[in-house]
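Numbering of ligands and ligand atoms starts at 1, following listing order. Everything numeric in this text was worked out from a predicted model, so none of it was measured.
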Amino acid sequence: MKKPIHIVSATIVTVLLLSGCVTENGDRQTDMQLDRKVDSVLLLMTLDEKLGQLTLYTSDWDVTGPTIRPDYMDDIRSGKCGNIFNAHTVAYNKKLQRIAVEETRLGIPLMFGYDVIHGHKTIFPIPLAEACSWNLGLMKKSAKLAAKEAAASGLNWTFAPMVDISRDPRWGRVSEGNGEDTYLGACISEVRVHGFQGRDLSDPYTIAACIKHFAAYGAPVAGRDYNTVEMSEISLRQDYLLPYQKGIEAGAVTAMASFNDLFGVPATASKYLMTDILRDEWGFEGFVVSDYDGIDQLRDHGVAEDKQHAGELALTAGIDMDMQSAIFVDFPALSLEEGKVSMDDINAAVKRVLRVKFQLGLFDDPYRYFDESREAEIVFSEELMDHALQSALESVVLLKNEAENGRKILPLTAPKKIALIGPLADNQLDMLGSWHAAGDHTRVVTLLEGLQKKYTSTEISYARGCDFYAEERSGFSRALHLAKTSDVVILAIGENQEHSGEAASRSNIDIPGIQEELALALIETGTPVIVVIMAERPLTFPVLNEKASAILYAWHLGTRAGDALADVLSGACNPSGKLVMSIPENTGQIPVYYNSKSTGRPDDPSNKYTSKYLDVSNNPLYPFGYGLSYTIFEYGEVRLSDAIIGMNDTLEVSISVKNTGDYDGEEVVQLYVRDMVGSLTRPVKELRAFKKISVPRGEEHKLHFSLTREDLKFVGGDLEYIAEPGDFKVFIGPDSENLKEAGFTLKN
Ligand code: GLC
């Protein structure tokens with residue numbers, strides 16, 4: 001027997017029952033029922049109550065932007081704030097919900113949003129790291145478990161997934177995204193939405209997702225956060241929109257506008273983005289929230305004369321909820337009188353917000369997310385902590401692993417003495433990465449702890465060696481002493497979590513401070529040095545790359561960082577991560593990405609007049625898709641079912657992959673295509689499929705892929721997706737450079 005539904009207030013009860021769309025036991029609702037419920041509540045609302053539902057304020061528990069309203073509780077009580085973010089725990093959110101439900105006229109429940117970007121309390125690797133797992137099932141599970149822990153903590157909305165494509169590691173927010181590739185980014189966007197929202201948003205273990213930041217926020221000029229975005233509409237549609245679109249098609253019920261302007265119009269005021277594309281082209285039925293104070297910033301953009309004008313631009317463009325500007329709550333009444341906005345504009349936005357609240361089940365039971373025993377049971381549960389480890393293991397990328405005295409440095413089997421050095425070696429907070437929101441750093445396993453647990457019969461000596469930025473070298477001597485008196489050095493250097501994330505662009509993306517100087521001094525001692533680079537963006541380290549014997553790119557791996565790194569270093573786990581962003585040779589190469597165009601003078605070192613630099617190659621230090629294993633995978637030849645296919649045919653592609661090394665391992669097999677001649681210039685290759693396979697040592701696996709014309713389409717000159725007849729190449733390999741190929745022709 002389902003428990004009777006709890007309706008928020010007598011007034012709403014009556015109306016919902018009269019509208020005949022509430023069943024006694026709150027059965028799942030059809031779209032029509034949902035709309036009738038929403039319309040029934042809308043009819044009861046005053047203008048002020050409507051505008052309150054379009055308003056979102058941060059609590060003072062966490063502040064993620066430049067402004068805060070100290071009296072947000074009074075705003076809730078007066079009906080002037082219908083949504084809260086940056087507040088969590090059952091106890092606190094229940095307190096705020098009681099104010100909304102029991103102290104306001106209609107008792108419309110609050111939504112509680114938070115940046116659950118890569119975990120809530122239990123923190124997983126930063127998204128850019130987890131994307132390097134290329135494991136869509138793992139990333140879906142991360143979202144699902146993050147939703148479970150967040151929902152148990154009184155939340156019902158996350159401002160995630162962030163799906164901004166970026167080719168510019170100077171931009172600090174690459175850390176939150178899924179790298180440079182549109183296809184991979186779109187696949188990840190889809191599974192993360194499914195993970196967060198599940199099949200039924202009213203399920204109290206799921207939360208509303210938010211596709212952000214719409215749109216093209218990851219392409220700011222010069223990699224400087226919040227800066228202008230300049231690109232053609234073809235580039236926008238070809239390279240940047242698909243991950244947002246796939247997230248919407250996956251059912252995301254909210255989206256967030258980006259801070260940047262595009263085509264000369266700030267996204268927050270862009271009808272083209274928020275209505276023409278999002279709603280008219282993609283059929284989005286959820287609501288759009290501005291980013292933090294984004295509506296008021298239309299004045300700084302220079303497109304709004306005052307706050308009222310900013311509100312009018314945003315509302316008529318298709319922004320439904322005002323995060324932190326406190327403009328929607330105060331100005332539309334005047335704008336209505338002046339005919340600058342219509343009541344239809346306001347009602348449309350209110351209905352979208354109410355619709356999501358109904359979908360979340362908040363009208364049935366506004367306290368459904370508030371169970372303290374559930375919170376105690378789920379937060380930091382074994383299930384979450386185990387997954388945090390698995391995700392971290394699959395996020396680590398092995399860049400280099402050379403042999404010393406005839407054997408590979410890694411895995412590190414039973415050394416007698418390890419010198420562990422660096423500012424990230426015994427560091428809990430930075431393992432959480434940026435945007436760790438409610439993450440609890442006291443639960444983090446550091447690299448030092450992880451090694452101590454793993455290498456129980458090894459003497460492990462630790463020295464910080466230096467800091468991130470200070471030019472202080474007094475720590476070098478102890479570090480060098482430990483190196484000289486140990487069998488191996490493990491050096492943990494890179495960025496702290498302040499170096500990346502929002503408002504953390506860097507004009508030079510080298511390893512900060514004197515860390516690389518310390519690394520080179522340690523290498524000079526002659527003791528083998530394993531460099532573990534921890535960062536939230538690709539960094540540049542060409543000199544260190546030459547000198548170091550082994551390099552692991554370990555990002556910021558979250559709560560189980562130390563355990564994961566100890567497993568990888570010891571060989572308990574064979575690393576399988578593959579880069580999702582190219583690592584440049586130097587900052588001057590940026591933007592450097594794998595799916596570039598040929599140009600009319602493709603790079604030819606023997607010909608002066610070709611597209612290249614005088615001082616560095618066109619190639620990144622490490623390319624998209626790159627990552628080594630402790631074992632060896634040998635690829636056979638690419639086999640195609642046909643040399644010629646028609647527009648309605650399917651091309652079967654196969655290849656064998658053999659593990660000829662000494663360890664079982666996982667391999668991400670990548671398939672790229674090239675359209676040799678198009679009506680527009682086409683990239684030299686584009687990722688179109690991938691498979692992560694587990695191949696025990698000595699075994700050979702045969703992989704099959706299918707390609708149709710859908711995989712060969714691109715955005716043509718008329719902005720339509722088209723497939724054109726002609727010659728194509730198929731490439732398959734372990735990364736975007738080491739590839740086997742075969743050709744075929746597509747005929748009309
Ligand atoms: C920030 C970020 C956005 C985040 C929001 C709420 O400014 O741009 O990604 O979700 O504010 O914290």
Side-chain angles (χ1 to χ4, degrees), residues 55-69 72 81 83-88 111-120 126-128 143 146-147 150 155-166 171-178 189 192-193 196 207-220 224-227 229 243-244 247 252-262 266-268 286-298 300-301 314 319-326 433-439 497-498 500-505 536:
T55 299
L56 169 67
Y57 291 145
T58 182
S59 84
D60 52 3
W61 272 40
D62 188 355
V63 182
T64 53
T67 64
I68 182 166
R69 281 178 65 91
Y72 61 91
C81 169
N83 310 279
I84 286 286
F85 68 115
N86 293 338
H88 61 100
M111 271 180 80
F112 290 95
Y114 207 1
D115 291 287
V116 182
I117 307 295
H118 50 110
H120 176 54
I126 58 167
L128 187 65
L155 294 163
N156 44 51
W157 180 24
T158 178
F159 305 131
M162 184 274 215
V163 298
D164 305 316
I165 292 299
S166 185
W171 187 53
R173 301 195 76 165
V174 296
S175 61
E176 297 169 68
N178 304 308
S189 172
R192 286 207 190 280
V193 169
F196 284 130
I207 56 178
C210 181
I211 293 297
K212 73 181 188 183
H213 306 77
F214 193 61
Y217 180 42
R224 198 175 75 238
D225 204 359
Y226 314 128
N227 203 4
V229 168
Y244 304 112
V253 292
T254 77
M256 185 184 292
S258 57
F259 287 123
N260 56 282
D261 65 323
L262 176 66
T268 307
F287 69 78
V288 180
V289 62
S290 72
D291 201 341
Y292 207 114
D293 201 32
I295 296 176
D296 195 23
Q297 289 160 23
L298 294 177
D300 302 285
H301 273 290
I319 303 293
D320 302 301
M321 190 182 287
D322 169 5
M323 183 192 288
Q324 208 61 33
S325 287
S434 57
W435 284 111
H436 61 263
Q497 47 114 9
E498 297 293 329
S500 273
E502 183 170 358
S505 296
E536 301 199 28

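- Near Lys212, the atoms of ligand 1 lying under 4.0 angstrom from a non-hydrogen atom of the residue are 3 (C), 4 (C), 9 (O), 10 (O).
- Here Phe112 and Trp61 keep their ring centres 6.0 angstrom or further from each other.
- Scanning all protein heavy atoms for the shortest distance to atom 9 (O) of ligand 1 gives His213 NE2, 2.6 Å.
- Ligand 1 lies less than 4.0 angstrom from a heavy atom belonging to Met256.
- Protein heavy atom closest to atom 10 (O) of ligand 1, with residue, atom name and distance, is Asp115 OD1, 2.5 Å.
- No more than 12 heavy atoms of other residues, nucleotides or ligands sit less than 6.0 Å from atom CZ of Arg224.
- In terms of polar-atom proximity, Tyr217 is not counted as a contact of ligand 1, lacking any N or O under 3.5 Å from an N or O of the ligand.
- The distance between the ring centers of Tyr292 and Phe85 falls below 6.0 angstrom.
- With hydrogens and angles disregarded, no donor-acceptor distance shorter than 3.5 Å links the side chain of Asn156 to the backbone of Ala208.
- A donor-acceptor contact shorter than 3.5 Å is absent between the side chain of Ser434 and the backbone of Gln497.
- Between atom OH of residue Tyr217 and atom CG of residue Asp164 there is a gap of 8.0 Å, rounded to the nearest 0.5 Å.
- At least one heavy atom of Phe259 sits less than 4.0 Å from an atom of ligand 1.
- Among all protein heavy atoms, the one lying closest to atom 1 (C) of ligand 1 is Glu502 OE1, 3.2 Å.
- Counting heavy atoms closer than 4.0 Å to ligand 1, residue Trp435 contributes side-chain atoms (C-beta onward) but none from N, CA, C or O.
- Put simply, the side chain of Gln324 reaches to within 4.5 Å of the side chain of Tyr57, judged on heavy atoms.
- Less than 4.0 angstrom separates some heavy atom of Arg173 from each of these atoms of ligand 1: 2 (C), 3 (C), 8 (O), 9 (O).
- Nearest protein neighbour of atom 11 (O) of ligand 1, counting heavy atoms only, is Asp291 OD1, 3.2 Å.
- With ligand atoms numbered from 1 in the order given, ligand 1 contributes 7 (O), 11 (O) to contacts under 4.0 Å with heavy atoms of Tyr292.
- In terms of modelled atom types and a separation under 3.5 Å, the side chain of Ser505 and the main chain of Asp225 share a donor-acceptor contact.
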